[in-house]
Chemist: 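Can you read through this structure? Questions will come right after.
As the structure is a prediction and not an experimental result, all values here were calculated from the model. As the structure lists them, so they are numbered: ligands from 1, and atoms in each ligand from 1.
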Amino acid sequence: MPKGKCDRCGKNAVIELPYGPHWFCGEHFLRFFEKRVRKTCRANKLIEPGEKILVAYSGGKDSAVTLYLVNKIFGKRNPIQALLIDEGIEGYRDKALDIAEKNCKAWGIPFKRVSFKKEAGFTMVDVMKKTGAKKRLGSTCAFCGVIRRRIMNQFAKKLGAEKLATGHNLDDEAQSALMNLCDADLSRFLRLGPVSGNANIKGLVPRIKPLWESPEIEIIAFAEFNGIDYYREQCCPFKWQAKRNDFRGIVNHLESSYPGTMYSVLSFFRQAKSKIGKRGVKTELGSCSKCGEPCNGKVCNACKQIELIKKK
Ligand code: SF4
Ligand SMILES: [Zn+2]
Ligand SMILES: [Zn+2]
């Protein structure tokens, strides 16, 4: 329990935010957190009045809090739906999606549950069995992400959504920025931000990140203080392969030694984006000759990966 008093009311604090530093009681922390999400949405024009919003909801804390707050803040003037994607990882995602379904019903939010098996022809367990996660296919998570992004975009269009909200948080963004830096990938770095990619590309539903400025640890506290149920058990059994794990460790270490580092990374991103502008960011894409989704070359990454798996 932190020793300080709440910045707002002077009661005993239940949470300390070292980057401020701030101390808050439960009530004022919840207000502080929600206000920051409102600001992220307003300042970046993430959700305009009347727009149909689809929230990608995995059952984890980040997407649970995203759906809860998007519905709370915008639910009266925007139709909100949830998309639950099952990668087919038994004992993990099925349990998480059961919690997601339960929350959607309790919050009165319509949802659609879809699966890798039906949409791509295999589950992630099938992929692991076939490939043994050989380097040639990239890490399991990179593969999983490509397929998930395609399903999200396809269903956002099918369900008539104008924006697709994801649970990406400040930690994710700081890790991605550092990964792009270490890969010397400026184009990918410039595609980060509260709206992913380019909002004007035909066939690509803009992906928005209402938790862009919200640290992961505060998302957990927000869910706990609000009594939001989320999947807390084991991690995905394939997560160990993610390159991101190494970057998560580095960013966590830096943030704990130098509080505010993650916000500095966001600030650096904003400066770079405003100085470099839109140069280097594509404004037009072709479409995949196999599935019709927007892509750079003739065939999209998802179709290439699916072909590779089928050949195995
Ligand atoms: S941890 Fe990786 S493999 Fe597991 S669900 Fe997430 S992206 Fe897919
Ligand atoms: Zn207080
Ligand atoms: Zn394709």
Side-chain angles (χ1 to χ4, degrees), residues 2 4-17 20 22-35 56-63 84-97 100 115-117 119-129 131 133 137-154 157 166-168 172 175-176 203-204 221 225 231 233-245 247-248 285-310:
K5 301 282 183 196
C6 174
D7 289 3
R8 304 280 194 268
C9 69
K11 282 187 201 157
N12 285 339
V14 296
I15 190 164
E16 176 186 357
L17 313 181
H22 296 297
W23 285 267
F24 290 120
C25 68
E27 185 194 331
H28 284 112
F29 168 71
L30 292 178
R31 284 197 213 173
F32 167 84
F33 186 96
E34 184 175 325
K35 198 171 161 194
Y57 184 18
S58 69
K61 61 191 180 339
D62 303 309
S63 56
L84 284 50
I85 302 178
D86 187 351
E87 298 92 348
I89 306 169
E90 276 168 36
Y92 165 66
R93 186 62 81 209
D94 48 343
K95 286 187 181 174
L97 291 186
S115 68
F116 271 32
K117 183 78 185 167
E119 304 306 323
F122 45 75
T123 65
M124 282 307 291
V125 172
D126 296 335
V127 173
M128 286 301 290
K129 279 187 191 149
T131 65
L137 286 163
S139 80
T140 319
C141 291
F143 180 84
C144 190
V146 166
I147 305 296
R148 189 180 321 100
R149 279 193 294 279
R150 182 170 88 170
I151 294 175
M152 287 194 303
N153 195 54
Q154 286 174 328
K157 288 188 282 188
T166 64
H168 287 95
D172 298 325
Q175 291 155 17
S176 297
L204 201 59
F225 292 169
Y231 183 72
E233 292 169 41
Q234 60 168 75
C235 285
C236 171
F238 307 140
K239 193 171 179 169
W240 59 271
Q241 295 181 44
K243 177 178 176 183
R244 181 173 289 275
N245 286 343
F247 283 85
R248 181 178 294 113
L285 285 180
S287 46
C288 170
S289 58
K290 290 184 180 243
C291 71
E293 283 292 290
C295 75
N296 267 321
K298 282 189 180 158
V299 178
C300 75
N301 275 340
C303 286
K304 282 184 199 159
Q305 299 276 30
I306 290 169
E307 273 308 303
L308 269 175
I309 290 295
K310 282 186 183 158

Chemist: According to the salt bridge (charged side-chain N to carboxylate O under 4.0 Å, His left out) rule, which pairs have a member within residues 87-96, sequence neighbours left out?
Modeler: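 For residues 87-96, and leaving out neighbouring residues, the salt bridge (charged side-chain N to carboxylate O under 4.0 Å, His left out) pairs sorted by first residue read Glu87-Arg93, Glu87-Arg148, Lys95-Glu233.
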Chemist: Around the Zn ion (ligand 3), how many protein N, O or S atoms are closer than 2.8 Å?
Modeler: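 With waters ignored, the protein N/O/S count below 2.8 Å is 4.
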Chemist: Quick one: do Arg149 and Glu293 make a salt bridge, cutoff under 4.0 Å?
Modeler: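 No.
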Chemist: State the SG-CG distance between Cys25 and Asn12, to the nearest 0.5 angstrom.
Modeler: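 Those atoms lie 10.0 Å apart.
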Chemist: Numbering the atoms of ligand 1 from 1, which are under 4.0 Å from a heavy atom of Arg148?
Modeler: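 Per the distance check, 5 (S), 6 (Fe), 7 (S), 8 (Fe).
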Chemist: Specify the closest pair of heavy atoms between Ala56 and Thr166, including all atoms of both residues, with the distance to one decimal.
Modeler: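 Looks like CB-CG2, 4.5 Å.
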Chemist: Under 4.0 Å from any heavy atom of Arg93, which atoms of ligand 1 are there?
Modeler: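 By the 4.0 Å cutoff, the relevant atoms are 5 (S).
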Chemist: If every non-hydrogen atom of Tyr57 is compared with every non-hydrogen atom of Leu97, which pair is closest and at what distance?
Modeler: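 Answer, listing the atom of Tyr57 first, then Leu97: O-CD2, 3.8 Å.
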Chemist: Angle between ring planes, Phe29 versus Phe225, binned at 30° and 60°: parallel, tilted or perpendicular?
Modeler: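 Phe29 and Phe225: perpendicular rings.
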Chemist: May I ask you to list the protein N, O or S atoms found at less than 2.8 Å from atom 4 (Fe) of ligand 1?
Modeler: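 Those protein N, O or S atoms (cut-off: under 2.8 Å from atom 4 (Fe) of ligand 1) are Cys236 SG.
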Chemist: Would you call Asn296 and Asn301 a side-chain contact if the rule is heavy atoms closer than 4.5 Å?
Modeler: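 Result no, sub-4.5 Å side-chain heavy-atom pair not found.
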Chemist: Could you check if a side-chain atom of Leu17 sits within less than 4.5 angstrom of a side-chain atom of Phe32, using non-hydrogen atoms only?
Modeler: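 Yes, close enough: below the 4.5 Å cut-off.
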Chemist: Going by ring-ring contact (aromatic ring centres under 6.0 Å, His included), name the residues that satisfy it together with Phe247, two or more places apart in sequence or in a different chain.
Modeler: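 Not a single residue meets the ring-ring contact (aromatic ring centres under 6.0 Å, His included) criterion with Phe247.
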Chemist: Please tell me whether Arg150 and Asn153 have a donor and an acceptor in their side chains that are separated by less than 3.5 angstrom.
Modeler: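 No, no side-chain donor-acceptor contact under 3.5 Å.
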